[in-house]
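Numbers here simply count residues along the sequence, with the first being 1. In this text, all values refer to a predicted model and were calculated from it rather than measured experimentally. In listed order, ligands and their atoms are each counted from 1.
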Amino acid sequence: MSKQFDVVVIGGGPGGYIAAIRAAQLGMNVACIDEWKNEKGGPAPGGTCTNVGCIPSKALLQSSEHFEHANKHFAEHGITASDVKMDVSKMLGRKDTVVKQNNDGILYLFKKNKVAFFHGLASFVKAVDGGYELKVSGAAEETLVARQVIVATGSNARALPGTPFDEVNVLSNDGALRIGAVPKKLGLIGSGVIGLEMGSVWRRLGAEVTVLEALPVFLGAVDEQIAKEAKKAFDKQGLKIELGVKVGEIKNGKKGVSIAYTNAKGEAQTLDVDKLIVSIGRVPNTIGLGAETIGLKLDERGAIVVDDNCRTSLPGVWAVGDVVRGPMLAHKAEEEGVAVAERIAGQHGHVNFNTIPWVIYTSPEIAWVGRTEQQLKADGVAYKAGTFPFLANGRARALGDTTGMVKFLADAKTDEILGVHIVGPMASELISEAVVAMEFKASAEDIARICHAHPSLSEATKEAALAVDKRTLNF
Ligand code: FAD
Ligand code: NAI
């Protein structure tokens, strides 16, 4: 006997579980199907983000940052911490607990919102009168019929051709988050977001880290001035980043991994490491979904083709998050999930792609929203720029973390904020003010005239806004 629902969501990551909750809030009869298994084979909703992404990476970043502070920065506060040791298995255990709290939290939210949860792999069987029939293959087989389907099946790590992940020596994000002991030498391919975050974790814990990056520029999507400042900080920390390399043959042996590559000067090199993390981007995931069975259109990258409103090529089938175009970010997936649920309910859900913030949780953190200086130049937009260094911010001095700056870019004529770029302490939190400001179409002067608490890092934001008009007060 099939079970009938108004909406079935496939995938319980941030795109899927949020869409399910919002649809249920709007009075619909909703099911969410997710196949992720915990180590005991039980359900572990939350997707990549909760299980092998955002949450566990931030847990390890926090633990490793504490370790680095105890080793390198406590002394300047007058604290003696001798013989500081890292118990890696305890650190990993803490991370697993944090992950489980989030898995359990989502199961609780499903109950609270009366979302029916099915643990297993969902696949399309056929279109039926007024909807779609879906099969759930799990501990128990189920057949569901849905009037509307939201696909939120996420993404998987991209492997280098000819070098599959064995999660022992050659690691994806999954293996990178559970290395059992600090490797002496760690290699990473790709100095994008994962390369920098994971490279930072294991460098702080004592690994000698080398990152090999194909592009000749560091963090090409980031504002150039901000990327330069970040690179300086990473160089100082000893995170070795080689740009403009061409990776050749990779040998995965018993003793470790040997990577042949050509450096930016065209010289042949070899990097021998104990572990290699490959972080060269992610691919949309539709494995086992049965997209072809019902004729759901995919693009050449394997992403589900959607319009601006997340409508797929089939009526009543929507798709959100990493499996569709756009940035692969948890908060982007969530916003799309909410918008789709609202559209199904006849409302006007909306996602503003121009104000999606990006954060890289390294130390210093890097965060931005809106356009970079190089994009404004390319777009031929006349702009004014204002920067303020954390070096001149009282709170940053008191924290002992004065690296970096806040940078504002505003329209030369109207003063409307076009982009805000931050490298420095708590950039991840500071960027929210800029997002709010841009959503409300604020001018730089609006921020400059708002009272900010003293002493706080947010005063650097106000000062950068003042700098647009060349009238900083503290620099
Ligand atoms: P996912 O989270 O991938 O969830 C998809 C779910 O669908 C999975 O549980 C999967 O098992 C399930 N599924 C797939 N197919 C089926 C099927 N046929 N049937 C049933 N279930 C299925 N983003 C940020 O914004 N901030 C960060 O700090 C951040 N850190 C990250 C760190 C790492 C190491 C990685 C790898 C990613 C990080 N991301 C971060 C990106 C973020 O994890 C993704 O953008 C986000 O998880 C996408 O959400 P989603 O719901 O589209 O897909
Ligand atoms: P990425 O796209 O951020 O970076 C990949 C890097 O690898 C790029 O710099 C690219 O030039 C390089 N590269 C590609 N092929 C290469 C090759 N053959 N040799 C050498 N370098 C090569 O992808 P990453 O780091 O894998 O992360 C995937 C996605 O996950 C991110 O784009 C982001 O959307 C998400 N994520 C978000 C985080 C956050 O928001 N803080 C944290 C981690 C991941």
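- The option with the heavy atom closest to atom 47 (O) of ligand 1, from among Gly321, Cys49, Gly138, is Cys49.
- Given atom 44 (C) of ligand 2, the protein heavy atom at minimum distance is Ile194 CG1, 3.4 Å.
- Aromatic ring orientation, Phe234 versus Phe218: perpendicular (interplanar angle above 60°, classes split at 30° and 60°).
- Between Ala157 and Ser172 the shortest heavy-atom distance is CB-CB, 3.8 Å.
- Of the candidates Val52, Val151, Thr153, the one placing a heavy atom closest to atom 34 (C) of ligand 1 is Val52.
- Within the 4.0 Å heavy-atom shell around ligand 1 one finds Asn285.
- The local environment of CG in Asn352 is crowded, with over 12 non-hydrogen atoms from other residues, nucleotides or ligands closer than 6.0 Å.
- Residue contact check: Gly190 has heavy atoms under 4.0 Å from atoms 6 (C), 7 (O), 12 (C), 21 (N) of ligand 2.
- Counting heavy atoms under 4.0 Å from ligand 2, residue Leu219 does not touch it at all.
- Contact annotation for Lys58 and ligand 1: only side-chain heavy atoms (C-beta onward) come within less than 4.0 Å of the ligand.
- A heavy-atom separation below 4.0 Å is not found between Asp322 and ligand 2.
- Scanning all heavy atoms of the two residues, the minimum distance from Asn51 to Gly46 falls at ND2-C, 4.2 Å.
- Taking atom 30 (O) of ligand 2 as the reference point, the nearest protein heavy-atom neighbour is Arg282 CD, 3.7 Å.
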